[in-house]
2 protein chains.
Amino acid sequence: MPEPDPDATPAVTIYDVARAAGVAPSTVSRAFSRPGRVNAETGERIRQIAAQLGYRARPQARATSPTRSSMLAVVLADLANPVFYELVRGAGSACEAAGYTMMLAETAESAVRERATLERALESVDGLVLTASRISDSAIRQVAKVKPVVVVNRVVPGVPSVVIDVERGTFRSVQHLVELGHETVTYLSGPEASWADGMRWRGLRRAAEELGVRIRRTGPFAPTVNGGVQAAATWAQHRSSAVVAYNDLVAIGFIRGAGRLGVSVPGEVSVVGFDNSAMAELVSPELTTVAAPLHALGRTAAQNVLAMVGGARSQAPEPMQLPTRLVVRETTAPVAG
Amino acid sequence: MPEPDPDATPAVTIYDVARAAGVAPSTVSRAFSRPGRVNAETGERIRQIAAQLGYRARPQARATSPTRSSMLAVVLADLANPVFYELVRGAGSACEAAGYTMMLAETAESAVRERATLERALESVDGLVLTASRISDSAIRQVAKVKPVVVVNRVVPGVPSVVIDVERGTFRSVQHLVELGHETVTYLSGPEASWADGMRWRGLRRAAEELGVRIRRTGPFAPTVNGGVQAAATWAQHRSSAVVAYNDLVAIGFIRGAGRLGVSVPGEVSVVGFDNSAMAELVSPELTTVAAPLHALGRTAAQNVLAMVGGARSQAPEPMQLPTRLVVRETTAPVAG
DNA sequence: TCCTGCCGGGCAAGCGGTTGCCGCTTGTTG
DNA sequence: CAACAAGCGGCAACCGCTTGCCCGGCAGGA
């Protein structure tokens, strides 16, 4: 069905330029790819003619091996999640420093779309950063065989990755709640396929063992504000004095949902988010949350991809760990007497 | 500098596959591109061998005209601006419906980066949606000559575009303020190169004429929360009872800035934003703002690009206009006694 | 039995650009 | 004045893949 484009201008080639300039095609080619090799004057003339003919190099036609495209793809699950701001910004700064252009692709939490995206992007970028990937380890390894890949917040044996210390961060947030006197903590879980969700739960469990706090798991909920609103409804059936949310969005949604139910935060229930996204301090009450070094995360990932593009071996399959930090704001308070 | 990749596996070609399968390269080619043309059995065998050899089609080597990539690029100025959520989501839904993959590129409000991005993306996508473009009309026309382009919220003669009725929306917001008794309105302006900024100001001026309100312009400020904070400082030197901001982000920043100066909203100053982005109802007080049909904007733009990719002539250079709607929330109030 | 037509596969040209090599034109030097 | 080198442009092969054309074989109809 790709009916031939009716208005397809045949596109001007070096041959056209060569004819117009009265030189050989090879000279035109050199005028562009090796300017020193041809007489400065001739080169200038050629480039002039090329320009006014509207000549556009078609680099992918370059004889041998695929050219560098100077583009790097960052694929993420959901743009509406402000977490990705900082992450993307980090990756962006690394790209900019390297003279690269960053392209973003959203997969909407769908494995099939992610596959299609990867398949397509693979051809035109030099490397990829995979965040919140929902496809299988082996599919990722497949991709990594073709182009440099770094996975974010997930470990795939054999593929370089950078992760944040989600477990310890979660542990810290529970510790904080314990210090405030809370004895039961409800976890509002996120997507089951998510690596981070597993780590969060691990942190909770460790806290349960070492700190003697009671933990409860609900969900899974969508990792969005709406998911959080729903979580509030579920929570209301088995209340607890403290809640740890999968991420900031869920936490914010939970607070809104609780508000509608007439439950005050932090008066009646303390809430801790995760990510310290930009929204965390814009909402009120301002959100207590675990700050993930999102910017560093994105930057590190992109830098590593770039290094691999530059020819570095994909070194240490050991995932790089980045530390977290608890940011106490207004949604946590001592347990009500 | 592009030192030859040391670990570059020569990459397997159809010739390798052909040799391994004991057939001619052309047969291998056909086995993939025209499966009906070759014996089903032979084809299957070839595909099998190809797979286990790790053969990957290199579509850009396809002899003639550049293949469809099934990707569409949306280039935008600043990802952190939640306006783009909806817009991108709209474009995304159109792409998905058409089986396309949407790639996003951020230009950070920089014309040179936008140029580089365009230059690179142009090669690998089938069409582009340009939002908040900061480059010249002629540069845009240049791009439009190569690939289908639709411009959002800006009109470029000769290039199809879809815009929202910014002028009328602005007029409406001033009208609302006038009805509340305000007599002077300060405009917190955005980037000068922005088409929307010009339209906003036009709406203000028309309101001044028709409604007899006094208007004042300050700025330009960066179209971000921080820009808004700065705007508050500037405004403080010539206070007015009402403020119209370039967009929601600036409005939110203004409110925070005002708060730090001890000025209450809407008690001492009414504020109207623009865009009705997701944040508008998450902040408190909730923001009065002009709702732009962001989703429709993105969808329409993408649909049109897609139609052009499909061979449709780039029709009516008449920009498509989409209407706005004023959403009154909590940041506007009758002028204080 | 011979002719016809179809099927499946190979040959080779060509897509647009790059590059090794060759040869012509200058200019320099002994 | 001859020998030589450097500079510069052209020729042609080649990159990996597609495709028009051709050819051999086999089956079915006359």
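Residue numbers start from 1 in every chain, and the chains themselves are labelled A, B, ... in the order their sequence lines are given, proteins ahead of strands. Every value quoted in this text rests on a predicted model; they were computed, and no experiment measured them.
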How many whole angstroms separate atom [atom1] of [X] from atom [atom2] of [N]?
| X | N | atom1 | atom2 | value |
| --- | --- | --- | --- | --- |
| D16(A) | dG16(C) | CG | P | 8 Å |
| R56(A) | dG17(C) | CZ | P | 11 Å |
| I46(A) | dG9(D) | CD1 | C1' | 9 Å |
| E123(A) | dC17(D) | CD | C1' | 14 Å |
| I14(B) | dT19(D) | CD1 | P | 12 Å |

So, is [X] close to the [N] phosphate, meaning a side-chain N or O under 4.0 Å from OP1 or OP2?
| X | N | value |
| --- | --- | --- |
| Y15(A) | dG14(C) | no |
| R34(B) | dT18(D) | no |
| S29(B) | dC17(D) | no |

Show the numbers, then the answer: is there a side-chain contact (heavy atoms from CB on, under 4.5 Å) between M103(A) and S124(B)?
CA-CA 11 Å; M103(A) 302 290 288; S124(B) 43; over 6 Å; no

Is the shortest heavy-atom distance from the side chain of L104(A) to the side chain of L79(B) under 4.5 Å?
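Heavy-atom side-chain distance check passes, below 4.5 Å.
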
Residue pair T131(B) / N153(B), side-chain heavy-atom distance below 4.5 Å:
no

Reckon Y55(A) touches a base, only the sugar-phosphate, or nothing at all at heavy-atom distances under 4.0 Å?
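Contact class for Y55(A): sugar-phosphate only.
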
If we ignore angles and hydrogens, is there a donor and acceptor under 3.5 Å between the side chains of E114(A) and S133(A)?
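A donor-acceptor contact under 3.5 Å links the two side chains.
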
Please write out each protein N/O paired with an N/O of nucleotides 9-12 of chain C under 3.5 Å, distance rounded to 0.1 Å.
unit_1  : atom_1 : unit_2 : atom_2 : d
dG9(C)  : OP1    : T42(B) : OG1    : 2.6
dG9(C)  : OP2    : N39(B) : N      : 2.9
dG9(C)  : N7     : R37(B) : NH1    : 3.0
dG9(C)  : O6     : R37(B) : NH2    : 2.4
dG10(C) : OP1    : A24(B) : N      : 3.3
dG10(C) : OP2    : A24(B) : N      : 2.9
dG10(C) : OP2    : T27(B) : OG1    : 2.3
dG10(C) : N7     : R30(B) : NH2    : 2.9
dG10(C) : O6     : R30(B) : NH1    : 3.4
dG10(C) : O6     : R30(B) : NH2    : 2.8
dC11(C) : N4     : S26(B) : OG     : 3.3

For the helix from dT1(C)-dA30(D) to dG30(C)-dC1(D), figure out the bend between the end axes, five pairs an end, and round to 10 degrees.
50°

Checking D197(B) against E192(B) for the side-chain contact (heavy atoms from CB on, under 4.5 Å) test, could you report, in this order, the C-alpha distance in whole Å, the side-chain angles of both residues, the deciding distance, and whether it holds?
CA-CA 7 Å; D197(B) 188 69; E192(B) 303 191 57; 5.5 Å; no

To the nearest 0.5 Å, how far apart are CG in L118(A) and CD in Q142(A)?
11.0 Å

Working to the nearest 0.5 Å, report the span between CE of M71(B) and OG1 of T117(A).
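It is 9.5 Å, given to the nearest 0.5 Å.
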
Which heavy-atom pair separates M320(B) from N304(B) by the least distance, and what is that distance?
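Where M320(B) meets N304(B) most closely, the heavy atoms are CE-ND2, 3.4 Å.
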
Salt-bridge contact E119(B)-R56(A) (side-chain N to carboxylate O under 4.0 Å)
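The answer is yes: the pair qualifies as a salt bridge.
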
